[in-house]
Amino acid sequence: MKLMLVGTRVVAVATAGVLLAGCGGSGSKDKGGPDPKPSGSAKQGGPATDGEKAGASKKPDPKQSTLPGALPSAYDFTPNPERVPKNAAQARKLTRNAALGENDWTAGMVRHAPYESGGSWPVLPDSCVWTRSPLPSGILDSFTRRLDIPAQGGKGRVQGAVTVTVHQTEAGADREIKDTVQESFRCPEQELGGGQRLSGLMSLQFDQKDVRNADASLFEAGKYSGPESGGVQDYVWSKSRIGPVTTAVSVKGAKGYTNTDLLRIAAEGGAKVLYRVELELK
């Protein structure tokens, strides 16, 4: 595992990330207000400038375990070239089919207000205050849905969000993953707008051998505070890539929810959206 962290929380964040890296996806398929932590900075989405094609290195041969329901030892899904979006209209169809709705993620979720947004791109300038811009060159579409677990039984409201982004190339999608990891180092304290704030952010990107449900994955954790948050809460976020498509899932905590609760919610959402991306690309 490639750790991209410093400080005493390294082990805790890395351990939590393992739970997200290996959940769901093709390996586990049973045949029977503001955005989430935004997708990345302005330079993300464009093709790699070093001439290297993302994913060009040979993948390890998958070796299926004989244990029932076990994940494969390596991710081995190749998108059907005929199903990969070639234009914005095809990309919009994929992002909307793959993004999770209130009946798709976890029981009891309801639509946040606003519920959907698309056609723009989050930018993290040196001020560490997120803004939005038109989609940069190299990105065909980016679409977000926001879902909440309502406050009930003495617990606060959990806010979840899922974003699906389609790049023109795998290299562009891979560049988004790599750039995103660096943002928590550049801006460990971030303003989302509307009085929402992230702090103490720490990120890691997994070695491919540790990822069982995508071509690449990263994990981020920190603290969240904002209107009606009930104080400072835990925050978890993951991003993954399958071919030229990236998915991002964020979960903002609330009173009565442990970090383990948030990890379970994020892992479930992350696995389901990756599976839906595979269905769109197979």
Side-chain angles (χ1 to χ4, degrees), residues 33-50 52-55 79 81 83-101 112 114-147 160-184 186-187 190-194 196 198 214-218 220 237-250 269-270 273-274 276-277 280-281:
D35 281 351
K37 168 60 168 56
S39 298
S41 61
K43 64 182 177 179
Q44 292 169 5
T49 57
D50 55 8
E52 295 181 357
K53 186 178 185 304
R83 299 275 289 172
V84 174
K86 307 299 191 299
N87 54 51
Q90 293 173 352
R92 283 192 293 270
K93 181 179 178 181
L94 184 150
T95 58
R96 283 144 183 81
N97 287 345
L100 305 179
H112 185 87
Y115 172 50
E116 297 179 337
S117 64
S120 64
W121 189 249
V123 178
L124 185 64
D126 291 340
S127 65
C128 298
V129 178
W130 284 98
T131 62
R132 301 199 72 83
S133 71
L135 291 176
S137 174
I139 296 181
L140 296 176
D141 190 52
S142 186
F143 179 68
T144 295
R145 283 194 178 130
R146 302 171 188 82
L147 298 161
V162 58
T163 297
V164 183
T165 300
V166 180
H167 292 255
Q168 288 183 331
T169 66
E170 289 189 10
D174 200 53
R175 182 66 62 187
E176 179 189 339
I177 295 287
K178 289 179 170 58
D179 288 346
T180 300
V181 174
Q182 301 305 316
E183 289 174 347
S184 65
R186 181 165 63 89
C187 290
Q190 300 175 7
E191 299 287 343
L192 299 180
Q196 298 187 91
L198 301 177
D215 292 316
S217 287
L218 64 86
E220 184 170 279
W237 183 66
S238 66
K239 176 176 283 188
S240 299
R241 177 182 70 83
I242 295 178
V245 180
T246 63
T247 64
V249 172
S250 75
V273 70
L274 286 171
R276 288 163 72 110
V277 168
E280 293 296 311
L281 295 175

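Proximity of Lys86 to Leu140: side-chain heavy atoms (C-beta onward) are nowhere separated by under 4.5 Å. Between Lys239 and Ile177 there is a side-chain heavy-atom pair separated by less than 4.5 Å. A heavy-atom distance below 4.5 Å is found between the side chains of Thr163 and Thr165.
Ser217 contributes atom OG, which lies 6.5 Å from atom CG of Leu274 (distance to the nearest 0.5 angstrom). Rounding to the nearest 0.5 Å places CZ of Arg241 at 12.5 Å from OG1 of Thr180. Rounded to the nearest 0.5 Å, atoms CD (Glu280) and CD1 (Ile242) are 11.5 Å apart. In this structure, CZ on Arg175 lies 14.5 Å from OG1 on Thr246, to the nearest 0.5 angstrom. How far CZ of Arg146 is from CG of Leu100: 14.0 Å, rounded to the nearest 0.5 Å.
In terms of the side-chain hydrogen bond (donor to acceptor under 3.5 Å, both in side chains) criterion, residue partners of Thr95 (sequence neighbours excluded) are, by chain and number, Asp141. Residues passing the salt bridge (Lys or Arg N to Asp or Glu O under 4.0 Å) test with Arg92, sequence neighbours excluded: none. Gln90 is linked by a side-chain hydrogen bond (donor to acceptor under 3.5 Å, both in side chains) to nothing, counting only residues two or more places apart in sequence or in another chain. For Glu191, the salt bridge (Lys or Arg N to Asp or Glu O under 4.0 Å) partners at least two apart in sequence or on another chain are Arg197. With sequence neighbours excluded, the residues forming a side-chain contact (heavy atoms from CB on, under 4.5 Å) with Lys93 are Asn97, listed by chain and number.
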Next on the checklist: What verdict does the side-chain contact (heavy atoms from CB on, under 4.5 Å) test give for His167 and Ile139, after you've listed the backbone C-alpha separation in whole Å, the side-chain angles of each residue and the deciding distance to 0.1 Å?
Outcome noted: CA-CA 4 Å; His167 292 255; Ile139 296 181; 3.8 Å; yes
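Between Thr144 and Ala161, the closest heavy-atom pair is CG2-CB, 4.5 Å.
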